[in-house]
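In what follows, residues are counted from 1 in the order of the sequence shown. FYI, side chains are in, hydrogens and waters are out, and symmetry mates aren't considered; it's all heavy atoms of this structure.
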Amino acid sequence: MPKLIFATNNAGKVREFKKFLDPLGIDVVTLAELQNVPPIIENGTTFLENATIKAETIAKAFNLPVVAEDSGLTISALNDEPGVLSARYAADHDDAANNAKVLAKMIDVPDDQRQAAFHTVIVALKPTGEKLVTTGQVDGLIMRDLKGENGFGYDPLFFYPPYNKRTAEMTTEEKNEISHRGQALRAFMAQFDAWWN
């Protein structure tokens, strides 16, 4: 069975990804399942740069095809912060601290200037250099409080006008329909065969 490395330790992302690739008979391996994983220095200034750094580092180390992704939130009124620092904006992978920092920085931002977007960039790379890049984006607004029990990260703050609810209030099905990661994954799968073969 052909192997493909998904350069993440995030179990939720892995589950989502395997759903697409399992039927194709491709063995998806995560970083947690590998020995001697080199450090990945995510020092890029864009989601594309960071996803590329992950893919290149792991493809070089294991000489296997790699898929990497980077995602996050940009807020117009904060000069596109938190951006590539989304997961560690206030504290590393501390959703409560990160949300509190956004709320504090936006306390004086008027309602009509609270535009934001979730972004995902997927980079697939073969050791031979063939690369596939896909993206996804969902636009919304940052609210003044937290609401909703579903999702993670900035979902309780992020309001999606077409559904009149926050991403933390959506069902998994609703979120998959509109999500930035879902968009990027569907685009990736549409081009996967051409890249893989």
Enquirer: Distance alone, cut at 3.5 Å: any donor-acceptor contact between the side chains of Glu174 and Tyr163?
Expert: no

Enquirer: For the CE atom of Met170 and the CG atom of Asn176, what is their distance to the nearest 0.5 Å?
Expert: 11.0 Å

Enquirer: If I take atom CD from residue Glu42 and atom CG from residue Asn50, how far apart are they, to the nearest 0.5 angstrom?
Expert: 5.0 Å

Enquirer: Scan the side chains in residues 187-197 for donor-acceptor partners under 3.5 Å anywhere in the protein, sequence neighbours excluded, and list what turns up.
Expert:
{"unit_1": "Gln191", "atom_1": "NE2", "unit_2": "Ala187", "atom_2": "O", "d": "3.3"}
{"unit_1": "Trp195", "atom_1": "NE1", "unit_2": "Glu130", "atom_2": "O", "d": "3.0"}
{"unit_1": "Asn197", "atom_1": "ND2", "unit_2": "Asp193", "atom_2": "O", "d": "3.2"}

Enquirer: I need the minimum non-hydrogen distance between Ala184 and Gly136, along with the two atoms involved.
Expert: CB-N, 3.8 Å

Enquirer: Between atom OG1 of Thr8 and atom CG of Leu31, what is the distance when rounded to the nearest 0.5 Å?
Expert: 6.5 Å

Enquirer: Could you state the interatomic distance from NZ (Lys101) to CE (Met106), rounded to the nearest 0.5 Å?
Expert: 14.0 Å

Enquirer: Measure the acute angle between the ring planes of Phe118 and His180, then classify it against the limits of 30° and 60° as parallel, tilted or perpendicular.
Expert: parallel

Enquirer: Looking at every non-hydrogen atom in both residues, tell me the closest pair between Ile178 and Gln183 and how far apart they are.
Expert: O-NE2, 3.1 Å

Enquirer: With rounding to the nearest 0.5 angstrom, report the CD1 to CD1 distance, Ile142 to Ile75.
Expert: 4.0 Å

Enquirer: Should we say atom NZ of Lys165 is surrounded by more than 12 heavy atoms from elsewhere, each under 6.0 Å from it?
Expert: yes

Enquirer: Tell me whether Asp111 is salt-bridged to Arg144, with the criterion being a basic N under 4.0 Å from an acidic carboxylate O.
Expert: yes

Enquirer: Any ion pair linking Arg166 and Asp145 (charged N to carboxylate O, less than 4.0 Å)?
Expert: yes

Enquirer: Could you check whether any side-chain N or O of Asn98 sits under 3.5 Å from a backbone N or O of Ala90, counting only pairs where one atom can act as donor and the other as acceptor?
Expert: yes

Enquirer: Do we see a donor-acceptor contact under 3.5 Å between the side chains of Glu33 and Thr30?
Expert: yes

Enquirer: Looking only at the side chains, is there a donor atom on one of Glu56 and Thr52 sitting less than 3.5 Å from an acceptor on the other?
Expert: no

Enquirer: If we ignore angles and hydrogens, is there a donor and acceptor under 3.5 Å between the side chains of Ser71 and His119?
Expert: no

Enquirer: Drop me the distance from Phe6's CZ to Glu69's CD, to the nearest 0.5 angstrom.
Expert: 5.0 Å

Enquirer: Is any NZ, NE, NH1 or NH2 atom of the basic residue among Lys54 and Asp70 found under 4.0 Å from an Asp or Glu carboxylate oxygen of the other?
Expert: yes

